[in-house]
Amino acid sequence: MKKSILFLFALVALMSACTKSGTSSSDSTSPIITVDSSQFNGRLYVYTYDDFTSAKLSNTDVFLYTNYDDIKRGIYLFYRKSNVSAEADFGYLLQGNYYIVAKNSFKTDTSLVQVTSKRTINKNVFLR
């Protein structure tokens with residue numbers, strides 16, 4: 001009886017310790033960091049456009065990869081879907097280079113972006 005109460009207490013403590021805070025995941029399963037004070041992180045927004053008409057493309061799948069080999073393997077770091085303003089917010093990321101793959105049912109684009117510390121990066125991608 002004593003062990004089961006201790007186990008139940010540990011389970012409740014573990015579940016409460018694993019709750020998300022300071023994140024937003026309205027359009028995917030992986031949380032993004034929306035509040036950050038680190039000197040090594042920058043914020044990334046990706047905007048999706050049609051290459052031919054330059055019209056904004058909402059509801060576009062946008063994937064973030066750490067290297068090109070991961071694109072071939074299909075191992076992405078984060079996934080977002082662009083909203084009605086054609087914006088995919090990846091929140092704060094550690095500074096570095098990332099690959100972006102944006103695709104909808106007909107068009108795709110692969111691009112490289114550099115996230116720098118203490119900066120907001122707005123990256124436009126044009127799907128062909």
Side-chain angles (χ1 to χ4, degrees):
M1 179 73 174
K2 206 175 198 183
K3 287 184 180 181
S4 63
I5 292 174
L6 183 61
F7 175 75
L8 183 60
F9 178 74
L11 182 63
V12 169
L14 180 64
M15 289 175 62
S16 65
C18 294
T19 60
K20 298 175 188 173
S21 62
T23 61
S24 170
S25 60
S26 60
D27 56 11
S28 72
T29 58
S30 54
I32 62 170
I33 299 171
T34 57
V35 177
D36 185 64
S37 62
S38 171
Q39 65 181 350
F40 301 108
N41 294 341
R43 184 136 191 189
L44 175 62
Y45 292 96
V46 176
Y47 297 91
T48 54
Y49 295 93
D50 182 278
D51 188 42
F52 183 68
T53 64
S54 297
K56 291 181 177 181
L57 294 175
S58 61
N59 206 29
T60 300
D61 296 320
V62 184
F63 300 89
L64 191 69
Y65 297 89
T66 55
N67 60 59
Y68 191 77
D69 288 334
D70 286 347
I71 295 173
K72 293 189 274 184
R73 293 185 196 116
I75 304 170
Y76 58 88
L77 183 61
F78 290 108
Y79 161 78
R80 297 283 170 259
K81 191 172 279 284
S82 63
N83 60 21
V84 295
S85 301
E87 175 186 89
D89 180 4
F90 285 94
Y92 286 94
L93 300 167
L94 189 59
Q95 65 185 359
N97 297 321
Y98 297 92
Y99 285 91
I100 298 169
V101 176
K103 57 174 104 174
N104 61 19
S105 52
F106 303 106
K107 300 177 179 193
T108 187
D109 184 28
T110 302
S111 185
L112 183 64
V113 65
Q114 184 176 37
V115 174
T116 54
S117 64
K118 297 185 180 182
R119 306 251 190 234
T120 298
I121 308 301
N122 296 309
K123 179 66 175 174
N124 296 331
V125 293
F126 294 89
L127 283 72
R128 298 182 187 146

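All figures in this text were calculated on a predicted structure; none of them were measured in a lab.
Considering all non-hydrogen atoms of both residues, Ser38 and Lys118 come closest at O-CG, 4.4 Å. For the pair Tyr65 and Ile75, the tightest heavy-atom approach, listed with the atom from each and the gap, is CD2-O, 3.2 Å. Between Asp109 and Val125, the shortest heavy-atom contact is OD2-CB, 3.4 Å. Shortest non-hydrogen contact noted between Ser58 and Asn83 is CB-O, 3.0 Å. Considering all non-hydrogen atoms of both residues, Thr116 and Ile121 come closest at OG1-CD1, 3.9 Å.
Using a 4.5 Å cut-off on side-chain heavy atoms (C-beta onward), Asn41 and Leu94 make contact. A 4.5 Å side-chain heavy-atom check between Arg80 and Val46 finds every atom pair outside the cut-off.
If you chain together hydrophobic residues whose side chains sit under 4.5 Å apart, Leu57 and Phe90 fall into the same group. Put simply, Phe40 and Val115 are part of the same group of oily side chains (I, L, V, M, F, W, Y) that touch within less than 4.5 Å, one to the next. At a threshold of 4.5 Å between side-chain heavy atoms, the hydrophobic network of Ile, Leu, Val, Met, Phe, Trp and Tyr places Leu127 and Val101 in two separate groups. Linking ILVMFWY side-chain heavy atoms closer than 4.5 Å, directly or via other members, places Leu93 and Ile33 in two distinct hydrophobic clusters. Connection of Leu112 to Tyr79 is established within a shared hydrophobic cluster, with ILVMFWY side chains joined at heavy-atom distances below 4.5 Å, either directly or through further cluster members.
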(message) Under the criterion side-chain contact (heavy atoms from CB on, under 4.5 Å), I'd like the reasoning laid out for Asn104 against Asn59: C-alpha separation, chi angles, the key distance, then a yes or no.
(response) CA-CA 8 Å; Asn104 61 19; Asn59 206 29; over 6 Å; no
(message) Walk me through whether Arg43 and Thr34 qualify under side-chain contact (heavy atoms from CB on, under 4.5 Å).
(response) CA-CA 8 Å; Arg43 184 136 191 189; Thr34 57; 4.0 Å; yes
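Distance check, rounded to the nearest 0.5 Å: CG of Leu64 to CZ of Phe78 gives 7.5 Å. Phe63 contributes atom CZ, which lies 9.5 Å from atom OG1 of Thr108 (distance to the nearest 0.5 angstrom). Once rounded to the nearest 0.5 Å, the distance linking OH of Tyr45 with CG of Asn124 reads 14.0 Å.
Here Asp61 pairs with Lys81 under the salt bridge (Lys or Arg N to Asp or Glu O under 4.0 Å) rule; sequence neighbours left out.
Partner of Asp50 under the salt bridge (charged side-chain N to carboxylate O under 4.0 Å, His left out) criterion, chosen from Lys107, Arg128, Lys56: Lys107.
Screening residues 95-128 for ring-ring contact (aromatic ring centres under 6.0 Å, His included) gives Tyr49-Phe126, Tyr68-Tyr99 as the qualifying pairs, with residues at least two apart or on separate chains.
Ser117 contributes no side-chain N or O that, together with a main-chain N or O of Gln95, makes up a donor-acceptor pair within less than 3.5 Å. Proximity of a side-chain donor or acceptor of Ser85 to a complementary backbone N or O of Glu87 within less than 3.5 Å is not detected.
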